[in-house]
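What follows is one structure encoded as structure tokens, with my remarks underneath.
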Amino acid sequence: MSEEKKSLNFLEQIIEEDLANGLDKNKLRFRFPPEPNGYLHIGHAASICLNFGLGLTYNAPVNLRFDDTNPVKEEQEYVDAIKNDIQWLGFQWENELYSSDYFGQLYQWAILLIKKGKAYVDDQSSEEIAKQKGTPTEPGTNSPNRNRPVEENLALFEKMKNGEFEEGSHILRAKIDMASPNMLMRDPIMYRVLRKSHHRTGDTWNIYPMYDWAHGESDYIEQISHSICTLEFKPHRQLYDWFLDQIYSGKDLRPKQREFARRNLSYTVMSKRKLLQLVEEGHVNGWDDPRMPTISGLRRRGYTPESIRKFSEVSGISKRDNVTDVALLEFCIKDHLNKTAPRVMAVLNPVKVIITNYPEGKEEWLDAENNPEDENAGSRKVPFSKEIYIEQEDFREEANKKFFRLKLGKEVRLKNAYIIKAESCKKDAEGNITEIHCTYDEKSKSGSGTEESKRRVKGTLHWVSIAHAVHAEVRLYDRLFTDEAPDAHKDKDFKEFINPNSLVINTNAFVEPSLQDARIGDKFQFQRLGYFTIDNDSTAERLVFNRTVPLRDSWAKIEHKK
RNA sequence: UGGCCUGUAAUGUAAUGGUGAGCAUACAAGAUUUUGACUCUUGUUGUAUAGGUUCAAAUCCUGUCAGGCCAUCCA
């Protein structure tokens with residue numbers, strides 16, 4: 001009965017308009033065009049969800065097209081990682097394509113442009129060409145080679161292709177308008193000489209097309225109806241259309257480029273160049289470091305595809321610059337994991353508790369609910385015994401009444417187990433608490449149905465039985481940068497804001513024995529602490545957990561108010 | 001000083017000339033709680049600015065201000 005029509009974003013509105021104006025719905029076709037020069041990040045996820053999402057809502061094909069026109073930066077490793085990330089996000093492309101598939105066609109069209117007098121070979125130095133380009137406020141001047149005869153252009157271009165010229169010595173330029181207020185229209189470069197081996201075409205080519213020349217024509221070849229890109233390409237649209245004008249048949253579909261604002265996230269950077277820098281300079285341990293905003297980093301951190309898709313959905317799209325609060329992303333993963341992640345107990349900073357009136361050598365396997373948010377999640381058994389670990393910060397010798405946890409002379413509930421009372425504690429020479437002596441109420445066992453078990457005590461603690469505990473390493477992550485928008489400062493380098501405490505490794509954590517058999521990628525809620533996943537580095541001998549995100553901590557807020 | 005684009009709560013977005021500008025997150029207060037989680041209830045904060053058109057403007061027009069993009073043989 002929901003009458004609510006969900007509002008269309010501006011790109012969907014454009015598509016609806018085109019449809020209303022007679023565009024055949026079956027002609028809709030989209031593409032996601034990554035350059036294989038780095039890993040995909042959460043900003044790309046927005047574009048992926050947008051393009052593949054349009055494909056889904058309009059039942060239209062979406063191509064994956066690698067924009068591989070620059071062999072200097074591009075590698076097969078990135079191609080593989082990108083494909084993996086898109087599939088992991090849950091999307092399937094229609095065709096896997098490459099701009100390099102079209103090098104031959106592009107070359108033929110370039111010759112056509114030369115013949116039409118719309119392109120010429122320039123053999124000036126890059127410095128000279130830059131000088132003639134003018135500035136945004138001053139027009140450029142024509143190249144002395146601008147009116148080179150067609151035959152000569154053809155011959156030179158042929159030689160460029162055949163590898164008879166050095167890199168940087170010759171380029172093919174479109175002949176447009178050196179006085180255009182749009183710098184991109186001032187006789188832009190179509191081809192440069194590059195004697196580099198390409199990850200797909202090998203040494204076949206000595207010339208490579210520039211983005212502007214390759215992209216729109218590739219869209220045309222693939223009959224992409226809507227070529228969606230980010231805002232910084234807005235000025236390129238005029239050139240995109242100009243290049244299309246030169247070759248458009250007038251009969252088939254003519255692609256249109258439209259632009260939306262890239263998604264930025266607070267406390268991180270979203271440029272591949274900067275992310276590469278973080279990797280190469282060792283500020284992080286690779287593209288998939290769990291602190292990275294890459295898809296692979298988020299995956300390793302414990303994010304789910306569902307959470308990332310949800311984030312893209314609730315973030316929406318628009319044309320204004322934005323810095324989305326990372327809290328929204330964190331909300332999305334907590335929301336998903338709350339519904340799906342099994343609850344377990346783990347103690348990160350252990351302190352020993354001895355239950356003095358619990359029989360020596362006794363052990364009990366107690367029932368524990370796997371997920372109160374999921375009726376079908378079932379339950380498991382957790383071992384209980386005389387000596388257990390609890391969290392250091394869950395005990396104080398004395399504290400005010402706002403402290404709901406264990407303190408001398410007071411009671412607290414052990415989750416899924418008994419109510420205990422702290423009687424005394426032991427300290428080492430520095431005054432650190434080394435042992436807490438408690439007594440337990442034998443009749444208070446969770447779920448036993450006794451009067452005592454129904455007693456209400458304010459605090460509930462997580463714990464693990466020392467005899468049964470599994471030693472684990474836990475990696476705690478914090479934001480990579482201390483500034484909301486680290487690369488938005490004109491006077492400062494983004495690296496000045498790197499958070500020195502973004503990774504804290506805890507090698508002395510203990511988890512309940514049910515975790516012994518967990519596999520890489522499994523996700524859990526460590527009760528009262530947060531959501532954790534098993535890292536790739538984990539082995540049977542050494543469990544390694546990543547903290548995906550902590551739980552909301554109201555107590556920390558109360559504490560900090562003081 | 002050129003061209004293009006963008007300004008709606010703290011953040012991200014919706015309202016497409018027509019009810020008190022909606023939603024989510026964040027924040028705050030309360031309820032509940034064998035997770036100080038989750039959930040539930042309530043609440044705070046907004047159309048950059050000045051004019052104009054109109055019965056009616058966040059929406060259309062003009063000026064101003066602010067921000068972004070554009071001078072790689074990158075994409």
Side chain of [X] - closest among [options]:
| X | options | answer |
| --- | --- | --- |
| A:Tyr211 | B:U13, B:G36, B:A75 | B:A75 |
| A:Glu74 | B:A75, B:U8, B:G68 | B:A75 |
| A:Lys319 | B:C5, B:A14, B:A37 | B:C5 |
| A:Ser318 | B:C73, B:A14, B:U35 | B:A14 |
| A:Thr135 | B:U39, B:A71, B:C27 | B:A71 |
| A:Ala327 | B:U39, B:G12, B:U25 | B:U25 |
| A:Pro136 | B:U25, B:C70, B:U34 | B:C70 |

Would you call A:Phe404 stacked on B:G36, i.e. ring centres under 5.5 Å apart with the planes less than 30° off parallel? yes
Has A:Trp555 got its ring stacked on B:G36, by the test of a centre gap below 5.5 Å and a plane angle below 30°? yes
Centroid separation under 6.0 Å, is that true for the rings of [Y] and [X]?
| X | Y | result |
| --- | --- | --- |
| A:Phe66 | A:Tyr98 | yes |
| A:His236 | A:Tyr240 | no |
| A:Tyr303 | A:Phe311 | no |
| A:Tyr440 | A:Tyr418 | yes |
| A:Phe524 | A:Tyr531 | no |
| A:Phe404 | A:Trp555 | no |
| A:His198 | A:Phe103 | yes |

For atom [atom1], what is the distance between [N] and [M], given to the nearest Å?
| N | M | atom1 | result |
| --- | --- | --- | --- |
| B:A58 | B:A50 | P | 13 Å |
| B:G7 | B:A75 | C1' | 28 Å |
| B:A66 | B:C23 | P | 34 Å |
| B:A10 | B:G51 | C1' | 31 Å |
| B:A28 | B:A9 | C1' | 15 Å |
| B:A21 | B:A56 | C1' | 15 Å |
| B:U45 | B:U53 | P | 32 Å |
| B:A26 | B:A37 | P | 13 Å |

Would you mind classifying the nucleic acid contact of [X] as base, sugar-phosphate or nothing, using non-hydrogen atoms under 4.0 angstrom?
| X | value |
| --- | --- |
| A:Arg552 | sugar-phosphate |
| A:Gln124 | base |
| A:Gly140 | nothing |
| A:Tyr208 | nothing |
| A:Glu35 | sugar-phosphate |
| A:Lys415 | base |
| A:Leu328 | sugar-phosphate |
| A:Thr324 | sugar-phosphate |
| A:Val323 | sugar-phosphate |
| A:Arg263 | sugar-phosphate |
| A:Ser180 | nothing |
| A:Asn182 | nothing |
| A:Asn416 | base |
| A:Thr137 | base |

For [N], which nucleotide in any strand shown is its Watson-Crick or wobble partner with both distances under 3.5 Å?
| N | value |
| --- | --- |
| B:U59 | none |
| B:C69 | B:G3 |
| B:U35 | none |
| B:U41 | B:A29 |

Hey, does the side-chain of [X] have a donor or acceptor N/O within less than 3.5 Å of a partner on the base of [N]?
| X | N | result |
| --- | --- | --- |
| A:Arg455 | B:U34 | no |
| A:Gln525 | B:U35 | yes |
| A:His236 | B:A75 | yes |
| A:Arg413 | B:U34 | yes |

Kindly give the heavy-atom pair with the smallest separation between A:Asn322 and A:Arg262, and that separation in Å. ND2-O, 3.1 Å
Report yes if at least one side-chain N or O of A:Arg273 is closer than 4.0 Å to OP1 or OP2 of B:C74; otherwise report no. no
Let me know the distance between CD of A:Gln132 and P of B:C73, rounded to the nearest Å. 13 Å
